[in-house]
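Comments concern the structure below.
Hydrogens, waters and symmetry mates play no part in the numbers below; they use all other heavy atoms, side chains included.
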Amino acid sequence: MSFLGLDKVGKLFRIIKFNGGVMNSLKTLYRTDELKIGTLIGEDKYGNKYYENKEYFYGRNRWIDYNVKHGVDYDGSMVPAEWYGWLHYKTDTPPTENPPVKYKWIIDHKENTSGSSEQYVPYSTTKPKIEPWVPKSKS
């Protein structure tokens, strides 16, 4: 099958089939900049799907497919702590096999909102040391 690289063509067709056809593969390629094939390990409560393929290089063989509602506006802070450990090889058992302990004092995961309208801005009561320059009006 490896004659003239036909095994690569076969792998391309398997990847396209895995991603749901040509149109869905193009959408996935637009959203994530790569097409991969792997085993679905689990899904978190936010709709993110986690995959693994041991044929890929170490460090590239575990990945996340973010929920499609985010489009291309996703970042690493959308990964809950229990899945973060599995993605970064801190543990080989995913949270689907060994769920984390739930304590009542642990708050729910929340993504980082810096740079958005929902960011935290502290209120300051001190007088600023520098006053803004206001140009004189011509009137």
Salt bridge (charged side-chain N to carboxylate O under 4.0 Å, His left out) contacts touching residues 73-98 (sequence neighbours left out): Arg62-Asp92
Set of residues satisfying salt bridge (charged side-chain N to carboxylate O under 4.0 Å, His left out) with respect to Lys110, sequence neighbours excluded: none
pair Lys45-Asp108: side-chain heavy atoms closer than 4.5 Å: yes
Between CG on residue Asn19 and CG on residue Asn24, distance to nearest 0.5 Å: 8.0 Å
Connected-component partners of Val9 among ILVMFWY, side-chain separation under 4.5 Å: Phe13
Selection residues 11-33 - residue pairs positive for salt bridge (charged side-chain N to carboxylate O under 4.0 Å, His left out), sequence neighbours left out: Arg31-Asp65
Remaining members of hydrophobic cluster (4.5 Å side-chain criterion), Val68: none
Exceeds 12 heavy-atom contacts within 6.0 angstrom, atom OH of Tyr51: yes
Backbone N/O of Val72 and side chain of Tyr30: donor-acceptor pair under 3.5 Å: no
Pairs satisfying salt bridge (charged side-chain N to carboxylate O under 4.0 Å, His left out), at least one member in residues 112-135, at least two apart: none
ring-ring contact (aromatic ring centres under 6.0 Å, His included) partners for Tyr103, two or more places apart: Trp105
Minimal non-hydrogen separation, Asn67 against Gly47, with atom names: ND2-CA, 3.8 Å
Residues which pass ring-ring contact (aromatic ring centres under 6.0 Å, His included) with Tyr58, listed by chain and number, not counting sequence neighbours: Tyr89
Pairing residues for Tyr50 by the side chain to side chain donor-acceptor pair (under 3.5 Å) criterion, not counting sequence neighbours: Asp44
Candidate pair Asn98 and Trp86, rule side-chain contact (heavy atoms from CB on, under 4.5 Å), full reasoning: CA-CA 11 Å; Asn98 187 13; Trp86 179 80; over 6 Å; no
Glu43 side, atom CD; Asn48 side, atom CG - distance, nearest 0.5 Å: 8.0 Å
same_hphob_cluster(Tyr66, Ile41) at 4.5 Å side-chain heavy-atom cutoff: yes
Lys36: partners by salt bridge (charged side-chain N to carboxylate O under 4.0 Å, His left out), with sequence neighbours left out: Glu34
Residues that His70 engages under ring-ring contact (aromatic ring centres under 6.0 Å, His included), provided they are two or more places apart: none
Distance (rounded to the nearest 0.5 Å) between Trp83 CH2 and Tyr46 OH: 13.5 Å
pair Thr32-Tyr74: side-chain heavy atoms closer than 4.5 Å: yes
Spatial distance of atom CD (Gln119) from atom CG (Asn112) [nearest 0.5 Å]: 9.5 Å
With Leu12 via side chain to side chain contact (heavy atoms under 4.5 Å, CB included) - residues at least two apart: Ile16
Cluster check Ile64, Tyr56: I/L/V/M/F/W/Y, side chain < 4.5 angstrom: no
Heavy-atom closest contact (Trp133 atom, Pro135 atom, distance): CH2-CB, 3.5 Å
Where Gly21 and Ser25 come nearest, the two heavy atoms and their spacing: O-OG, 2.7 Å
